[in-house]
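Owing to the predicted nature of the structure, the values given are computational and were not obtained by experimental measurement.
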Amino acid sequence: MADPGRQTGRGAASVLIALFLAALALRPDIIGVGPILEDIRTDLDASRSVIGLLPTVPVLCMGLFAPLGGRLAARIGARSGVLVGLLLIAAAGLTRATMPTALLIAGVTIVVGLGVALVQTVLPALIKQQEAVDSTLATTVYVVGIQLGAAGSAAVSGPVAALGDWRWPLVLFGAAAGVWALVWFLLAPRGVELGNADGGPSDPRGLVALFREPIVRRVAAAYGLQSIAFYGTNAWLAPYFIEQGWDVVTAGRAVSVLNLAALTATLSVPLVMRALQERRRALILSAMLVVVGLALITMVGEDAWWVSIPLGLGLGPLLPLTLTLPIDVTDDVEVVARVTGGMLGVGYMLAALAPTGLGFVRDVSGSFTPVLLLLAAVTIAFALVCTTLGPGALRRGVRQDPEGLGSLGSEERPSGTTDGRRPGGSEGS
């Protein structure tokens, strides 16, 4: 019987298309509500603090629910896990459009966060099993789908609402997620499972054991720090420019250029990886571009919209490169899902808190300049963490759990060791 992970050229193309379309559903219900928040607030007579929950709740839920994604997928399979997640996004998205109060909309948004968390946790494990599809290419396609879904939803939300009212964009996003779920059902690879649902690594204790592993903590820290840099920059860059005297249109243009540069850099990730031959180098180079970009922004005058290009070129590769880190940690597909769940959990909880925390810094300091300096410091910390994520450290992956909770990785232990490290206990590069 043919290995389900091995695809023909046509089958590999179907996998990439399925990944791309599934990713399109992961941001519209979060990003697309931004342009219509004031319409929702006015129509429902809600406070801004309540309306502010709509973009914040799903990101927080993505972090809280991410560790559960691997466990659920272990029971129903990776392909079914993604399908369930997409159906949750579609159903909750459509239901939100019928809610009579802002609090009820926020409550239903929790289900959106659950669906997104499930999809994002399972897809890297599924990518791991597609041996004929390059993991960096597949992850890049997936991230481009996320970025286009975010950009497209923000662009169409206002015009669609103008045709009727603010509920129509929510209907559109929910219906689109339903279509992507159908396409996933038709094109996604079959027979992909994530291990035994009974005991073993699916035991809740396995997640605690997993975070005892130094490499898992490093991967989670890297993802969390880049999430702070990404979401913090997108939240406060335009207000910084406006504070410096820019008009709203030019500030918005600078943020658009940033995201266009980020998308361009994301598309170039496979080429960059071929040139550098090591993910650690690409991560550190991208982080340094972010720091340079933030420094340039503090130096230029009004209307220099181009200054956000280096910042976007640095931010763009961080998400696809960090998303592929769990794939390198282990050959065990279930553990890839569990490491990804833990990584996303840390990352999105930090991401949900970043805009508010950085806003507090602005309120206390009276200026956005300390916010940019703090973002630069976070990015430097990210680069320092990445120096510990060399090929040797990633290949050793996670150790076998000493408590008998199940094999947390399938890497063969080096001779003379008991924990998967090299003789002498060196962490390596």
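- Residues satisfying the salt bridge (Lys or Arg N to Asp or Glu O under 4.0 Å) criterion with Arg281, sequence neighbours excluded, are Glu278.
- Here Ser268 pairs with nothing under the side chain to side chain donor-acceptor pair (under 3.5 Å) rule; sequence neighbours left out.
- Here the straight-line distance linking atom CG of Leu118 with atom CG of Leu87 works out to 10.5 Å at 0.5 Å rounding.
- To the nearest 0.5 Å, atoms CE (Met288) and CG (Leu285) are separated by 9.0 Å.
- The shortest side-chain heavy-atom distance between Leu237 and Leu311 falls under the 4.5 Å cut-off.
- Counting heavy atoms from C-beta outward, Ile30 and Met62 have side chains that approach closer than 4.5 Å.
- A search for side-chain contact (heavy atoms from CB on, under 4.5 Å) contacts involving Leu313 returns Ala261, Ala265, Leu289, Ile309, not counting sequence neighbours.
- Without hydrogens or angle criteria, Arg280 side chain to Leu389 main chain gives no donor-acceptor distance under 3.5 Å.
- For the pair Phe173/Ser157, a side-chain contact is recorded, criterion being any heavy-atom separation below 4.5 Å from C-beta on.
- In this structure, the side chain of Thr298 engages the main chain of Ala295 through a donor-acceptor pair within 3.5 Å.
- Counting all heavy atoms, side chain and backbone alike, Ala138 lies closest to Leu19 at CB-CD1, 3.9 Å.
- Between Trp168 and Asp165, some side-chain heavy-atom pair lies under the 4.5 Å cut-off.
- With sequence neighbours left out, the side chain to side chain donor-acceptor pair (under 3.5 Å) criterion links Thr95 to no other residue.
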Query raised in the report: Is there a side chain to side chain contact (heavy atoms under 4.5 Å, CB included) between Arg27 and Leu148 once you walk through the steps?
Result: CA-CA 9 Å; Arg27 291 298 180 272; Leu148 287 178; over 6 Å; no
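- Distance CG/Leu283 to SG/Cys386: 4.5 Å, rounded to 0.5 Å.
- Between Ser286 atom OG and Leu315 atom CG the span is 9.0 Å, to the nearest 0.5 Å.
- For Leu104, the side-chain contact (heavy atoms from CB on, under 4.5 Å) test picks out Met99, Pro100, Thr101, with sequence neighbours left out.
- Among pairs with a residue in residues 87-104, those fulfilling salt bridge (charged side-chain N to carboxylate O under 4.0 Å, His left out) read Asp29-Arg96, at least two apart in sequence or across chains.
- A heavy-atom distance below 4.5 Å is not found between the side chains of Phe20 and Val143.
- Qualifying side-chain contact (heavy atoms from CB on, under 4.5 Å) partners for Met349, counting only residues two or more places apart in sequence or in other chains: Leu60, Leu64.
- Closest non-hydrogen pair, Ala106 versus Val57, comes out as O-CG1, 4.0 Å.
- Legend: residues meeting side chain to side chain donor-acceptor pair (under 3.5 Å) with Gln226, ordered by chain and number and at least two apart, are absent.
- Taken to the nearest 0.5 Å, the CG atom of Leu375 stands 9.0 Å off from the CD1 atom of Ile228.
- Using a 4.5 Å heavy-atom threshold, the side chains of Phe382 and Leu318 count as touching.
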Query raised in the report: Stepwise, does the side chain to side chain contact (heavy atoms under 4.5 Å, CB included) test hold for Tyr240 with Ser367?
Result: CA-CA 8 Å; Tyr240 169 80; Ser367 168; 5.9 Å; no
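- In terms of heavy-atom proximity, Val378 sits nearest to Ala229 at CG1-N, 4.5 Å.
- By the ring pair (Phe, Tyr, Trp, His ring centres under 6.0 Å) test, Tyr348 is found to be paired with Tyr223, residues two or more places apart in sequence or in another chain being considered.
- In terms of heavy atoms, Leu321 sits closest to Val269 at CD2-CG1, 3.9 Å.
- Of the inter-residue distances, the one linking Thr340 atom OG1 with Leu123 atom CG reads 10.0 Å to the nearest 0.5 angstrom.
- Residues that satisfy the side chain to side chain donor-acceptor pair (under 3.5 Å) test with Trp180, not counting sequence neighbours, are absent from this structure.
- Between Val171 and Ala97 the shortest heavy-atom distance is CG2-CB, 3.6 Å.
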Query - Criterion side chain to side chain contact (heavy atoms under 4.5 Å, CB included) on Phe230 and Thr233, from CA distance to verdict - result: CA-CA 5 Å; Phe230 179 82; Thr233 299; over 6 Å; no
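- Residues satisfying the salt bridge (Lys or Arg N to Asp or Glu O under 4.0 Å) test with Glu243, not counting sequence neighbours, are Arg362.
- A heavy-atom distance below 4.5 Å is not found between the side chains of Phe65 and Gln120.
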Query - Test log, rule side chain to side chain contact (heavy atoms under 4.5 Å, CB included), inputs Gln244 and Phe368 - result: CA-CA 9 Å; Gln244 299 304 307; Phe368 277 111; 5.8 Å; no
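- Closest heavy-atom contact between Thr266 and Pro317: OG1-N, 4.4 Å.
- One side chain, Arg279 or Thr324, offers a donor N or O that lies under 3.5 Å from an acceptor on the other.
- Using modelled atom types, no side-chain atom of Thr42 and backbone atom of Asp39 make a donor-acceptor pair closer than 3.5 Å.
- Residues Val33 and Leu170 have side chains in contact (heavy-atom distance under 4.5 Å, counting atoms from C-beta outward).
- Using modelled atom types, no side-chain atom of Thr109 and backbone atom of Pro58 make a donor-acceptor pair closer than 3.5 Å.
- Scored by the side-chain contact (heavy atoms from CB on, under 4.5 Å) test, Ala90 finds Ala177 as partners (sequence neighbours excluded).
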